[in-house]
Structure formats: C-alpha cells, structure tokens
Amino acid sequence: MWKFFNQVLVTVVYLFLLAPIIAVVLISFNGSAKLSIDLGSPSLQWYASMLMNEGFIEGAKVSFITASIVALVVLCFGVPVALAIARYDFRGRSFVSGLFLSPLLVPTVVLGLGLLLVFQPIALTGTYAGIIIAHFGITVPYVIRTTLMSLTTSDVSCEEAAKVHGANSWETFRRVTLPIISPGLIAGAVMAFIISFDEAVISLFVAGAGRTTLPVEMFRYLQYRSDPGVAALSVILIAISVVIVIVVERAVGLRKVMNS
Amino acid sequence: MSIHTAHLSIRNLQKTYPKTTAPAVDDVCLDVAEGELVALLGPSGCGKTTTLRMVAGLLDPSAGEIVVNGKDVVSTPVHKRRMGMVFQSYALFPHMNIAENVSFGLQMRRLSRAEAAKKADEALDMVQLGHLRDRRPAELSGGQQQRVALARALVIEPTLLLLDEPLSNLDAKLREAMRHEIRSIQQRLGTTTLFVTHDQDEALDMADRIAILNNGRIEQYAPPSEVYDRPATRFVANFVGKANFLDVENVEKLGNDTYRVKTNEFGVLEVRGVDGLDPTRASLVVRPHRLTTTRVDESVKSSRPASIGEVIATSYTGNVQSYEVRLNESAVLRVDQLTDTLRDLRMGDRVQLTFDPAEAYLVSDE
C-alpha cells in the first residue's frame, strides 16, 4: 500500500517537473503557426525552418565555440585551484575555497548588468572574449567542485607511493593524480560546457550588438514572433544535452562523480 | 634481484605539527643495522607512522637527522631517497595494470622499457603473482594487492624498505601467512626494513628488534624476547603480551639488575629488574603463563612464593585456559595455562598461585 502510494507520489512529482518539457515537445510538432498544443496536423516543418534559420545557425556556432573554450579555460584554471585547496595547506586557503565554491549568490541580472558596465568602456561587449570571461565566472565553481570531489575521495597514498618510488611532482600529477581524477574533470568540463551553452541572462547583457549566442538569439526571436519554431529548437537542444550526458555517463560514470 | 643493504641511523628526530604544542615524535634515536627488520610498535597516536613518514621523506622533521649509509637525507627530496614503501591501503595505482604498477618505480628511474618489464616480471614471480600481470588492482584480492605493493616497493632495489601497517587490512589467517612471506623475502634479499605496526604479535613474530613508542618517545628498543621478558617500563609490559602487576614496597637494590622487594601477596622476593629504576615508582611484572595453580585441598608445600585466592572468571580459547584469581581486594591476577582437563578449575574454586621469582621482573612505573 505504502509502496503504491510512494510510486504515485514520485510519478506526480516527476510529471510536475517535466511538464514544461513535455509541453515544449508537443508544441514543437505543431502543424500551425500558433504557440500552442495542437496535434491536429503534426508536422516537422518547424524543425526544418529552424535548421535553416541563419541567425540560429550563427548563434549555435558562437555558443558552441564559446562553450568549448569556456570548458577548456575553466579546466586549466580550476584544476590547479582545486589541487591547491585539496593538497596544500596555505594562508588564505579557506578564503580561496570560499571564493570559488560559494554558489552564485548575486542574481544573474545584477551580474549581467555589472559585466555590461565594465565591458562597455573596454569594448568587450559583443565579443568572444567578453562572453567567455562572463561564462568563466559562472562555470568555474562547478569544475572546482567536481575536481575537489575527485581529489578528496581518491587515496592520497597513491600520490605518496608515486613520489616515494621516484616520481617528481610533475610526474606524480601526470602519471597518477590526473588519471585518477579524470572522471571529475570530465564531469566538470561537461557541466561547464552545458551551462555556458545554455546561459541566457548574462549573455543577453554582454552579447550586445556583435556576437550573440544561441539562447540570446532564441530570446530575440521570441520577442517578435510566437510560432512553435523555438519549441522545435528547444527540443533539439534538450536532445543534445541528453546525448552528451549519456555519452559521458557511459564513458566515465558521471553518476559516480555527481553522487560522491 | 641483487642485495642492497643500508644502515639507518635516526638521531634526535623530532616532529611537532603546526598548531600543536606536544611533539608527535619526541627526540627519537634509532639505529638499524644492515639487513635488519625493525618494528616500530605502539598504540595509535604514538608517533610511529610519523617517524616512518619522515624517514620516507613524506614529512619534514622539526629537528634531528635521518642518516642513511652515513649521509643525512633530511634535505633530500622524497623521490630521490630511493626507498620502497608499502602502504596500509596498498595504494596501488588503480588505472594501471599489475605489471605497470610494479614497473612504475623503474620507469621513473629511466630504465629502458624492456629492462623494466623484465625486472617487474621477476619481482612479480617472487611474490608468486606472475600470472596476474595484466589484471587491474581492483580485480585482485586484498592479499594479492598486498603482494603487488610489496613487489612494487622491492623492484627498485631500495636502500630501505618501509612498511606502514601493511597487514592490518587482511583477515587473521592471511595476515599470519603474509607475515612469514614478507619476512622470508626480506631476509632473502637482506633489505634493511622499518615496519610500523600496532599489533604486538606481528612485531614479536617478524622483527629482529622492536622499538616501542609511547607519546612520541621510544620506551624500549630491544630484541623481541628481551622486550617480552625484560620490559623496561610498565607501559611496555602492558603493551607487549599480557601482564600482571604486583605493587611492591621496600625496594632494595642488591646488584646491577637484582632487587629485594616486598609484596603484599607473596611476601619478600628476590627478583631481577630494570637497572637504575626509581625504587618508589616500581611494579613487579608476572606474566600470566608464569603462574601455576593448585587446588587448595591438594596443595603441597612449595619452596616458591605462594598465595591463595578464588577463581572469579574463566575463559577458554582452545589451547589456552585463562583464569582470573582474586588474591585480595586490590590484586586480581590472570593465569594462562595450557588446557589440561585434569586441572580444570571452576568459578569459586580456591586455588594456590605460585611462580618462580627468577621469571618475574621489576619495572619502572613511568
């Protein structure tokens, strides 16, 4: 009896959480130009029009390039920081870890406005550099967190064994630490990529008139039109995210890293 | 593998961790001869692991010297000390197979791939795991991982072999088998070895000499039989083997290591003891198996010191039968004897306890 009740409850909660996505999926197959669920004449026309929309293709390109660079830069920065926090005792360690690990308490709108005010005078709005710097700030905690998680759950004596048996610091990192924590690194990089790719609010401020990312492009499209095109695009993005997560899960066990 | 031996001399070694006042290792001096296996024995927090880690180079000492073959290595970085170490958790590299694990140290020493592989195979054969060379550590049992860790430490022909509680994660049967395997390999190779353990049986069984640590200091450094039969302090007597302590008074020094003492339970005795102890702070150690029991009704006059008491507890462990005998309010002695149905005692039996004073030992209370 309890089990049954439990299952019903879980089902209801999931339905509630997934309802918007289900609605988006249904709308995307709409045959008419209205932004509503109407499956009278299902069609793939909106998918076709989206894949041919030049603004979206350009935005997707910008988003993809940005997200890739952000993931890479954040890794190169986050891993040494995580290593320092996890393995070394230095003055201001708790400050550093607090600084990088505190969730973003500042509302993104405020952050976006702040970045705009700083970027405007130095001509960083609407540039790759501007978007990448902005995204760097919001994704770096994730990479540091997943890397720290891997570092603190791995056995320090493996690194010590490497050193005792003749490996210097770099060889120890390269041959022992890095392979052991790589699932955490990959998980962090994937999260950074997805967050950067999906980020809309901050990008809206700093994208400006030049380069725009896909979410910004979608937002602008929605301002003037209300057809199911954006729904179709959303389904494509959801599918891409799901595929990435599944591939990474299969390859390195993302679940293991996220749960530990 | 060729024989590599080294002489280790630890001089006035000290370690105080940051934000603590009491040193974790306090003025430790230790000489380890070539080819010797020395056990660092003590309860957790006694400083034994800290000492080992300083020898390995994983920790910097606050003061003191670590001299290997006449050279102070304190300033030598860990990866250049050429030591082999087996960790409590084995610390095998999970992403490498067994052969790669074992040849790691050789590759770090820039041996050619072929030569490294050959030596790694020899080392794996030595621990009888040649057939598992392509497996991952996670696919091996605890005992097998342990042996891989040993092979990895020995393959580099280390100046010193350091063992940090290597057997504590194994089950009892395997632990005993591994003791003998480690000891026989160590003796065959003649590798000077420092072995950290909290298990007195391990130390007694394997070591040439035992250093017993307590609160960062060495309480006694001697061969196993001496540690057991002639403990330097009450702590040592209590930590190594089981011990009964009798309160003594009127301690009178007769010779270098002989004393006359008075005990409440057994009268005046002439016993051996630690040279130069403080007569006001001493106890008499009598090992449980040195005591013999006779039922009061069948007791015969003995020339040995004797005392009468009541059996208040019994315990049976197969070959050994233990009793607790209460002699008076303050003295309850433990007696171990080989199981013998003829002398089986029960709770409440009144018995006479005797022992040979030559087998008792007077120790310092500190």
Side-chain angles (χ1 to χ4, degrees), chain A residues 79 83-97 146-147 149-189 248 250-257 259-260, chain B residues 17-19 49 52-53 55-59 76-96 100-111 116 120 123 137-138 145 148-166 169:
Chain A
V79 173
L83 259 179
I85 294 172
R87 293 286 189 262
Y88 298 94
D89 200 5
F90 56 92
R91 268 177 81 92
R93 192 177 89 173
S94 53
F95 171 76
V96 170
S97 81
T146 54
T147 309
M149 213 105 82
S150 297
L151 281 170
T152 48
T153 53
S154 74
D155 186 1
V156 186
S157 20
C158 279
E159 290 163 39
E160 292 176 344
K163 285 179 189 161
V164 171
H165 295 122
N168 62 30
S169 300
W170 167 248
E171 286 164 336
T172 302
F173 176 73
R174 170 70 197 80
R175 303 279 312 261
V176 176
T177 315
L178 194 59
I180 290 176
I181 64 171
S182 60
L185 299 197
I186 294 169
V248 172
R250 283 286 147 79
V252 296
L254 189 59
R255 204 174 346 179
K256 205 171 63 194
V257 184
N259 287 350
S260 58
Chain B
Y17 286 104
K19 292 169 197 150
T49 297
L52 190 81
R53 292 171 66 82
V55 173
L58 294 168
L59 265 181
T76 309
V78 45
H79 64 280
K80 290 190 174 155
R81 289 196 189 182
R82 200 188 170 131
M83 293 180 184
M85 186 160 176
V86 176
F87 293 78
Q88 187 172 4
S89 61
Y90 317 135
L92 298 179
F93 308 128
H95 56 291
M96 300 182 196
E100 287 165 345
N101 261 281
V102 174
S103 63
F104 182 85
L106 299 170
Q107 290 178 24
M108 291 301 116
R109 289 192 164 67
R110 311 278 177 267
L111 257 71
Q145 293 187 34
V148 174
L150 186 65
R152 179 179 66 179
L154 286 170
V155 76
I156 57 175
E157 294 166 7
T159 52
L160 283 177
L161 176 63
L162 308 174
L163 307 171
D164 184 9
E165 304 252 11
N169 285 344

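Just so it is clear: chains get the letters A, B, ... in the order the sequence lines come, proteins before strands, and each one is counted from 1.
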Residues forming a salt bridge (charged side-chain N to carboxylate O under 4.0 Å, His left out) with B/Arg53, sequence neighbours excluded:
A/Glu160
Under a 4.5 Å heavy-atom cutoff, which of B/Gly84, B/Pro77, B/Ala91 has the most pairs with chain A?
B/Ala91
Work out which heavy atom in A/Ala167 is nearest to a heavy atom in B/His79; give both atom names and the distance.
O-CB, 3.2 Å
Heavy-atom nearest pair, B/Met108 first then A/Gly166, reads CB-O, 3.5 Å
Please state whether the side chain, the backbone, both or neither of B/Ala153 comes within less than 4.5 Å of a heavy atom of chain A.
both
Please classify the contact of B/Leu162 with chain A as side chain, backbone, both or neither, using a heavy-atom distance under 4.5 Å.
neither
Under 4.5 Å from any heavy atom of chain B - which part of A/Asn168
both
A/Arg87, CZ: over 12 other non-hydrogen atoms inside 6.0 angstrom
yes
Do A/Val176 and B/Phe104 have side chains that get closer than 4.5 Å, going by heavy atoms?
yes
Test of understanding: with salt bridge (charged side-chain N to carboxylate O under 4.0 Å, His left out), list the residues that count as partners of B/Arg109, not counting sequence neighbours.
none
Measuring heavy-atom distances to chain A, does B/Gln107 have an atom under 4.5 Å in its side chain, in its backbone, in both, or in neither?
side chain
Rounded at 0.5 Å granularity, tell me how far NZ in A/Lys163 sits from CE in B/Met85.
12.5 Å
Does CZ in A/Phe90 sit with more than 12 non-hydrogen atoms of other residues, nucleotides or ligands closer than 6.0 Å?
yes
Candidates B/Val78, B/Val102, B/Asn101, B/Ile156 - the one meeting side chain to side chain contact (heavy atoms under 4.5 Å, CB included) with A/His165:
B/Ile156
